[in-house]
Amino acid sequence: QVQLVESGGGLVQAGGSLRLSCVASTRSFGVHNMGWFRQAPGKEREFVAAIIRSGNSVDYADSVKGRFTISRDNAQNTVYLQMNSLKPEDTALYYCASKITYGNDRYAPSYDSWGQGTQVTVSS
């Protein structure tokens, strides 16, 4: 398993921006497909964004498309989530996840490793 550590969460006003980072402790980060998920209190964990190992293909939930951008730096073992135009409904604990396999990027159980999460709170 890969250790994943998220950072960058915080409290921001609606319309503001945050950039989340997730650092992976592995020598083979370049073979891992990465995803971001979030979970709000009382709700199920939901898919936010995913990026394949090369960074050439990305996927977004409809709720964040056009506002969030996922990217990765394989030399730094890091995946990012740039979040702009934040809304109160974006408030959640954000997790990054990794897996070796392709496909089912929106399906949380398909991921092998998870971070502890970083809290994002958007005030209205």
Side-chain angles (χ1 to χ4, degrees):
Q1 274 200 343
V2 177
Q3 264 198 322
L4 302 171
V5 179
E6 303 97 334
S7 62
L11 173 63
V12 64
Q13 287 189 331
S17 299
L18 285 173
R19 188 175 83 153
L20 306 184
S21 300
C22 172
V23 179
S25 62
T26 173
R27 294 181 180 179
S28 59
F29 181 70
V31 304
H32 289 263
N33 300 305
M34 304 298 294
W36 284 98
F37 290 76
R38 67 187 182 186
Q39 188 167 17
K43 295 188 177 181
E44 293 187 354
R45 191 171 298 191
E46 65 173 358
F47 169 76
V48 175
I51 186 168
I52 65 170
R53 57 187 67 170
S54 68
N56 289 340
S57 179
V58 296
D59 186 24
Y60 297 98
D62 288 344
S63 59
V64 306
K65 201 172 292 183
R67 300 188 298 122
F68 291 10
T69 302
I70 188 172
S71 62
R72 65 188 295 160
D73 183 341
N74 286 349
Q76 298 295 323
N77 281 18
T78 303
V79 62
Y80 303 98
L81 186 68
Q82 177 66 44
M83 305 186 297
N84 299 329
S85 302
L86 283 161
K87 304 175 181 180
E89 51 263 44
D90 294 319
T91 295
L93 189 60
Y94 282 71
Y95 299 90
C96 74
S98 71
K99 61 177 180 173
I100 301 294
T101 57
Y102 279 106
N104 294 322
D105 289 341
R106 299 186 175 205
Y107 186 55
S110 72
Y111 289 81
D112 307 310
S113 300
W114 291 82
Q116 293 300 306
T118 185
Q119 178 67 38
V120 171
T121 303
V122 184
S123 63
S124 56

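All of these numbers come straight from a predicted model, not from anything done at the bench.
- Residue pairs meeting the side chain to side chain donor-acceptor pair (under 3.5 Å) criterion with at least one member in residues 6-25, sequence neighbours excluded: S17-N84.
- Among residues at least two apart or in separate chains, disulfide (SG to SG under 2.5 Å) pairs with a member in residues 45-124 are C22-C96.
- Closest of all the heavy-atom pairs between T118 and G9 is OG1-N, 3.1 Å.
- Residues passing the side chain to side chain contact (heavy atoms under 4.5 Å, CB included) test with S113 are Q1, V2, L4, S98, sequence neighbours excluded.
- Under the 4.5 Å side-chain heavy-atom criterion for Ile, Leu, Val, Met, Phe, Trp and Tyr, L20 and F47 are members of distinct hydrophobic clusters.
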With salt bridge (Lys or Arg N to Asp or Glu O under 4.0 Å) as the criterion, how do K87 and D90 come out once you've worked through the C-alpha distance, each side chain's angles and the decisive distance to 0.1 Å? CA-CA 5 Å; K87 304 175 181 180; D90 294 319; over 6 Å; no

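- One hydrophobic cluster, built from ILVMFWY side chains closer than 4.5 Å, cannot hold both V58 and Y80; they sit in different ones.
- Looking at K99 and D105, their side chains come closer than 4.5 Å, going by heavy atoms from C-beta outward.
- Residues passing the side-chain hydrogen bond (donor to acceptor under 3.5 Å, both in side chains) test with N74, sequence neighbours excluded: R72.
- Through direct or indirect side-chain contacts shorter than 4.5 Å among Ile, Leu, Val, Met, Phe, Trp and Tyr, V5 is connected to no other residue.
- I51 and W114 fall into different hydrophobic clusters, defined by Ile, Leu, Val, Met, Phe, Trp and Tyr side-chain heavy atoms under 4.5 Å apart, directly or through other members.
- Residues L18 and M34 share a hydrophobic cluster, clusters being chains of Ile/Leu/Val/Met/Phe/Trp/Tyr side chains in contact below 4.5 Å.
- The backbone N or O of T78 lies less than 3.5 Å from no partner atom in the side chain of D73, so there is not a single donor-acceptor pair.
- The shortest non-hydrogen separation linking P88 to S124 is CG-CB, 3.8 Å.
- Applying the 6.0 Å contact sphere to CD of Q116 captures no more than 12 heavy atoms from other residues, nucleotides or ligands.
- Cluster partners of Y102 are I52, counting Ile, Leu, Val, Met, Phe, Trp and Tyr whose side-chain heavy atoms approach within less than 4.5 Å, directly or via other members.
- Interatomic distance, OG1 of T101 versus NE2 of H32, reported as 11.0 Å (0.5 Å rounding).
- Partners of Y60 by ring pair (Phe, Tyr, Trp, His ring centres under 6.0 Å), not counting sequence neighbours: none found.
- In this structure the side chain of F68 never reaches within 4.5 angstrom of the side chain of W36, judged on heavy atoms.
- Not counting sequence neighbours, S71 has no partner by the side-chain hydrogen bond (donor to acceptor under 3.5 Å, both in side chains) test.
- Take Y94 and apply the side-chain hydrogen bond (donor to acceptor under 3.5 Å, both in side chains) test, not counting sequence neighbours, and it matches R38.
- R45 meets the salt bridge (Lys or Arg N to Asp or Glu O under 4.0 Å) test with no other residue; sequence neighbours excluded.
- Taking R106 as the reference, D59 meet the side-chain hydrogen bond (donor to acceptor under 3.5 Å, both in side chains) condition, with sequence neighbours excluded.
- Annotation: ring pair (Phe, Tyr, Trp, His ring centres under 6.0 Å) contacts of Y95 (sequence neighbours excluded): none.
- A continuous path of hydrophobic side-chain contacts links V64 to V79 [ILVMFWY only; heavy atoms under 4.5 Å].
- Side-chain contact between T91 and Q119: present, with at least one pair of heavy atoms (C-beta onward) separated by less than 4.5 Å.
- Note: I100 CD1 to S110 OG = 12.0 Å, rounded to the nearest 0.5 Å.
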